2 protein chains.
Amino acid sequence: MTTRIGKRRANLRDVAKASGVSVATVSRVLNSPSVVSEKTLTRVQRVIEELRFTPSAAARAINSGRSRFVGALIPTLDNAIFAGFLEGLESQLAASGLSLIVATTNDDPEIEFAKAQELLNIGAEGLIISGISHSQSLEKMVERTQLPTIAISYFDPQYHLPTVGYDNRASARIAIEHLRSIGCQRIAVIHGPTLNNDRTRTRVDELHRNAGSIALEYFEADISVQSGAAKAKTILASGTRWDAILCLSDVLATGALFELLRQNIRIPEDMALMGMEDLPSSASTYPRLTSVDLQVREMGIAAASALANWIEHHERPESVKLEARLNIRQTTALRLKD
Amino acid sequence: MTTRIGKRRANLRDVAKASGVSVATVSRVLNSPSVVSEKTLTRVQRVIEELRFTPSAAARAINSGRSRFVGALIPTLDNAIFAGFLEGLESQLAASGLSLIVATTNDDPEIEFAKAQELLNIGAEGLIISGISHSQSLEKMVERTQLPTIAISYFDPQYHLPTVGYDNRASARIAIEHLRSIGCQRIAVIHGPTLNNDRTRTRVDELHRNAGSIALEYFEADISVQSGAAKAKTILASGTRWDAILCLSDVLATGALFELLRQNIRIPEDMALMGMEDLPSSASTYPRLTSVDLQVREMGIAAASALANWIEHHERPESVKLEARLNIRQTTALRLKD
DNA sequence: TGCGAAAATGTAACTGGTTACAAGTTTTTC
DNA sequence: GAAAAACTTGTAACCAGTTACATTTTCGCA
């Protein structure tokens, strides 16, 4: 007969008592059953079953000093932009036996800091943060705790933390050069919020620097298909004659694409359209969307490898640069057939 | 002078020794600084700073018995389908001081079980699982450990766990009734994988039961814009004259939409198109997509509330049914203007 | 049958915090 | 100026596991 322990969760000592063995033996049944005799093994296992005993993760962690998970702080889950990244990140972390906690920051440095602190409090072994602009408090916390932390979406070897990302300047140049090469003179740029988003700010800045004789006008929108469509409508209604709309996110470009179709504008004859990110869906739109491939899934994989290695072998990784690639498709090229 | 402790991370006892106080006092500095005298407080805090001391989350958890996070097992992060759900889930959990760990299962019950076990091992206080078909081992584990667990995407009050989701049968009926009402006789249905996905199987089954005089043909595709477009191409090339394409996911519908546009098919005159889920983007497509709103964000919020309450107050929640709503837009209605 | 080695198990210290209770100090009150 | 009250701090037990080391049991073989 086993002792019933009120409503409290049974612990290792309860199991030991109920099965008439020492705590060490119960621990062995759990972790190295091969060294326990057949007879004891089955007896203890039956008691474990009876008492519905589940070892406490915290108590285990206290001994191993490991929690086996890392936290990722990303701006939002609300659209597909981070889907590919998270997919790559999660699957690669899993390969190192690490789990992933996702927290969203809404691009607010204060929220980011608060959530980072929470992640630390619950024992995260590493952190992924987006971009290289963060609150002082966050920077200090990372510095103080020496927590392995990687900044993504922004390649910058000068940054005080390792970065894994694309060169935002280069990707902006690739975009404007391509539009220049097909003869665009006046370009409307739709981009996401610049407040607290260094990726967007940097891209916009680099477009500006490389404009040359091209006239650029900027339109800021939330990152959503709906906002992309709305901004495109504004742009079309503005009276100016634009050669192209450049969207600094494929999500925005998809929205703009729908609006152009709605207004019966021929693409690219009347208006070229270009995105950035190259979401998987962009190759299937009508017309197919030209975009700068930022390799977000690869970024996830690279970030996971770097972080796992840092945690496992205490080697601080080097920054990793993902080469942006131009994928020319129908929204900027006349001759391309299906 | 403070004692340097090799490379080992400093712990509470180190701090106590270095600042000449007891461990209790250090603990107080951390948790209730107000009861500690000014002098001691600053002294201890300086030592904490010097030794870069960070309290161990595991050691804290062992006392409180709390880990403060729950795990969500979802099929994939690869497309936008779960974005809204996760967004709702995460934000509502945060309101209860709970964090979210996301793990993907790829709709494989074995992977699902393995990841659930891992989540349990690292101390998850609750679990979200997708649908109501799971491996025996997972069911047994949940039963054994009494871990608060909620099944989403499938409302079924009979299920042995609380469910939070839409009525998959009702949503299928809503879809087919709408298409019947606009006079469709032959409908091509594009749906996601049915293997290990009870949501899809149930919807397909219910379409079948309610077909009446309508001829239905089914096309299975991976859930992606690309696959949706590819299947639509197959359907258009099949020679049969279809009245409508019904996609059991808006992601598929978006792909089909692009393919119809590509082939210059008038929507809805030549072919009606309908989706399911009602992603935020569906209201902005061209033409705007008719869809059955499954309220996935609300599902996230409801699941989070139910789970948090279960964890906090040990009350097993009731199942929650989200009412699917038909959003009629241009892809099935001639008269609707922008 | 008896001895040594191998196998199985137990004891108790340890992980890094929290906290009940006790004890020592300072401040207040009469 | 002494007793009472309030404030600080310390001691040691406790949380739920793991594990080094000691001890007991079992077994093979001369």
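Labels below follow one simple rule: chain letters A, B, ... track the order of the sequence lines, proteins then strands, and each chain is numbered from 1. Model, not experiment: these values are computed from the prediction.
Counting non-hydrogen atoms of neighbouring residues, nucleotides and ligands closer than 6.0 angstrom, the CD atom of A/Glu318 reaches no more than 12 such neighbours.
Residues B/Arg316 and B/Trp310 form a side-chain contact, since some pair of their non-hydrogen atoms from C-beta on lies under 4.5 Å apart.
In this model, the phosphate group of D/dA16 is not approached by any side-chain N or O of A/Arg60 to a distance below 4.0 Å at OP1 or OP2. Between A/Asn63 and D/dT18 there is no side-chain N or O to OP1 or OP2 distance below 4.0 Å.
Across all strands shown, A/Thr54 has heavy atoms under 4.0 Å from sugar-phosphate atoms exclusively, and none from any base. If you check every strand for non-hydrogen atoms under 4.0 Å, A/Ser56 touches sugar and phosphate atoms only.
What separates CG of B/Leu12 from P of C/dC14 is a distance of 17 Å, to the nearest Å. Here D/dG17 presents its C1' atom at 10 Å from CG of A/Leu30, a figure rounded to the nearest Å. When the P atom of C/dC14 is taken as reference, atom CD1 of B/Ile62 falls 16 Å away, rounded to whole Å. Distance NZ (B/Lys17) to P (C/dG16): 12 Å, rounded to an integer number of Å.
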- Query: Just by protein heavy atoms under 4.0 Å, how would nucleotides 4-12 of chain D read 5' to 3' in B, S and -?
  - Reply: ----SBBBB
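Here the CG-NZ distance, from B/Asn121 to B/Lys115, works out to 14.0 Å after rounding to the nearest 0.5 Å.
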